[in-house]
Amino acid sequence: EAGVAQSPRYKIIEKRQSVAFWCNPISGHATLYWYQQILGQGPKLLIQFQNNGVVDDSQLPKDRFSAERLKGVDSTLKIQPAKLEDSAVYLCASSLGPSGYTFGSGTRLTVV
Amino acid sequence: GENVEQHPSTLSVQEGDSAVIKCTYSDSASNYFPWYKQELGKGPQLIIDIRSNVGEKKDQRIAVTLNKTAKHFSLHITETQPEDSAVYFCAAVSSARQLTFGSGTQLTVLP
């Protein structure tokens with residue numbers, strides 16, 4: 001089966017600019033996650049979707065981050081405006097049930 | 001919420017030796033414990049997992065043990081090879097189906 005697709009792979013922006021990341025999960029996976037992985041750390045959950053509804057966004061900095069999952073398939077994560085500390089790899093993952101999480105290769109964001 | 005602690009942060013072993021990575025978790029309701037390997041520039045890849053009703057699971061050179069009473073689980077890699085060099089993450093899945101990661105272990109296998 002095809003994996004979790006993410007784009008772009010890399011993005012460099014200046015602080016205060018905006019950026020968007022896209023994720024296409026594995027077909028049929030109802031649950032989709034966005035994680036932030038800062039260099040040298042484990043991934044940290046930003047938001048969890050079940051179909052097109054938000055299950056948990058308690059760790060999402062809502063003053064600058066937003067995410068949507070229209071039609072319960074693809075998802076977009078946006079940052080506006082970006083800060084230097086947002087430099088990280090943004091990982092998308094999907095799962096069918098309570099196990100079997102599959103991750104994409106991530107988008108490496110550098111804010112300068 | 002769940003909190004996962006992982007040790008050590010770095011581990012160097014000679015090729016052919018064994019490597020052990022240990023994790024503890026805080027939420028007694030967590031019931032699924034996967035281990036991921038992450039290579040440079042790639043997303044985490046599942047290498048082995050264990051459910052709360054099992055104490056040990058083995059897959060070739062990799063094994064995982066779980067002690068639910070102590071809220072402790074470990075990854076064991078035997079006969080290590082240079083291609084085992086990577087960052088390894090433990091994780092725990094809570095009843096809310098959220099995956100919480102440890103801080104990672106950089107494993108280096110020296111030839």
Side-chain angles (χ1 to χ4, degrees), chain A residues 1-11 21 23-26 29-51 53-60 88-110, chain B residues 1-10 21-27 29-54 57 64 66 73 75 86-107:
Chain A
E1 63 180 1
V4 175
Q6 288 189 248
S7 67
R9 286 300 314 275
Y10 306 94
K11 191 74 176 179
F21 314 127
C23 172
N24 181 241
I26 292 175
H29 281 198
T31 312
L32 184 146
Y33 311 80
W34 283 101
Y35 283 83
Q36 180 192 58
Q37 186 175 23
I38 293 173
L39 187 64
Q41 298 181 17
K44 288 184 169 53
L45 180 68
L46 291 175
I47 189 167
Q48 176 185 352
F49 290 94
Q50 180 73 18
N51 295 310
V54 175
V55 174
D56 186 350
D57 63 357
S58 59
Q59 299 303 309
L60 189 73
V89 175
Y90 291 84
L91 294 163
C92 179
S94 68
S95 71
L96 182 60
S99 62
Y101 298 76
T102 303
F103 285 81
S105 295
T107 296
R108 180 174 295 278
L109 174 67
T110 302
Chain B
E2 176 65 276
N3 182 48
V4 179
E5 302 276 346
Q6 181 172 348
H7 301 279
S9 56
T10 60
I21 302 170
K22 298 183 178 182
C23 291
T24 59
Y25 61 99
S26 61
D27 186 353
S30 291
N31 53 18
Y32 173 65
F33 306 91
W35 285 86
Y36 289 88
K37 177 182 182 181
Q38 188 173 29
E39 297 174 312
L40 207 59
K42 297 183 179 181
Q45 292 210 312
L46 179 70
I47 56 171
I48 195 167
D49 56 14
I50 190 166
R51 298 189 184 279
S52 58
N53 59 347
V54 176
K57 182 176 177 180
V64 58
L66 172 65
F73 57 116
L75 176 72
V87 179
Y88 290 81
F89 291 99
C90 61
V93 175
S94 67
S95 54
R97 290 170 56 177
Q98 289 182 2
L99 192 62
T100 301
F101 284 85
S103 54
T105 297
Q106 174 69 61
L107 174 65

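Letters go in sequence order (proteins before strands), and every chain restarts at 1. Remember, it's a predicted structure, so these values are computed and weren't measured experimentally.
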Tell me, side chain or backbone of A:S58 under 4.5 Å from chain B's heavy atoms, or both, or neither?
->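 Interface part for A:S58: neither.
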
Chain A: which of B:V93, B:V87, B:L99 shares the most heavy-atom pairs with it under 4.5 Å?
->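 Result: the option with the highest number of such pairs is B:L99.
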
Which atoms of B:Q38 come close to chain A, meaning under 4.5 Å heavy atom to heavy atom: side chain ones, backbone ones, both, or neither?
->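 Contact with chain A: side chain only.
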
Interface moiety of B:P44 toward chain A, non-hydrogen atoms closer than 4.5 Å |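 Both backbone and side chain of B:P44 come within 4.5 Å of chain A.
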
Side chain to side chain, B:F89 and A:Q41, heavy atoms closer than 4.5 Å =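 B:F89 does not reach A:Q41 side chain to side chain.
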
4.5 Å side-chain heavy-atom contact, A:F103 and B:L46 =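 Contact flag for A:F103/B:L46 side chains = no.
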
Over 12 foreign heavy atoms within 6.0 Å of CD, A:Q59 |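 Counting neighbours around CD of A:Q59, 12 or fewer heavy atoms of other residues, nucleotides or ligands fall under 6.0 Å, so no.
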
Check the surroundings of atom CD in A:Q50: do more than 12 heavy atoms from other residues, nucleotides or ligands lie under 6.0 Å from it?
->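 Above 12, so yes.
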
So which of A:P43, A:S95, A:G106 has the largest heavy-atom pair count under 4.5 angstrom toward chain B?
->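 It is A:P43.
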
Under a 4.5 Å heavy-atom cutoff, which of A:K44, A:Q6, A:Q48 has the most pairs with chain B?
->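 If we count pairs closer than 4.5 Å to chain B, A:Q48 comes out on top.
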
How long is the span from the CG atom in A:L45 to the CD atom in B:Q98, to the nearest 0.5 Å?
->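 Those atoms lie 5.0 Å apart.
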
Would you say A:R9's side chain and B:G41's backbone share a donor-acceptor pair under 3.5 angstrom?
->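 Yes: the side chain of A:R9 pairs with the backbone of B:G41.
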
Begin from the C-alpha positions of A:Y101 and B:Y36 and carry the test ring-ring contact (aromatic ring centres under 6.0 Å, His included) through to its verdict.
-> CA-CA 10 Å; A:Y101 298 76; B:Y36 289 88; 7.7 Å; no

Step by step, would you call A:Y33 with B:F101 a ring-ring contact (aromatic ring centres under 6.0 Å, His included)?
-> CA-CA 13 Å; A:Y33 311 80; B:F101 284 85; over 10 Å; no

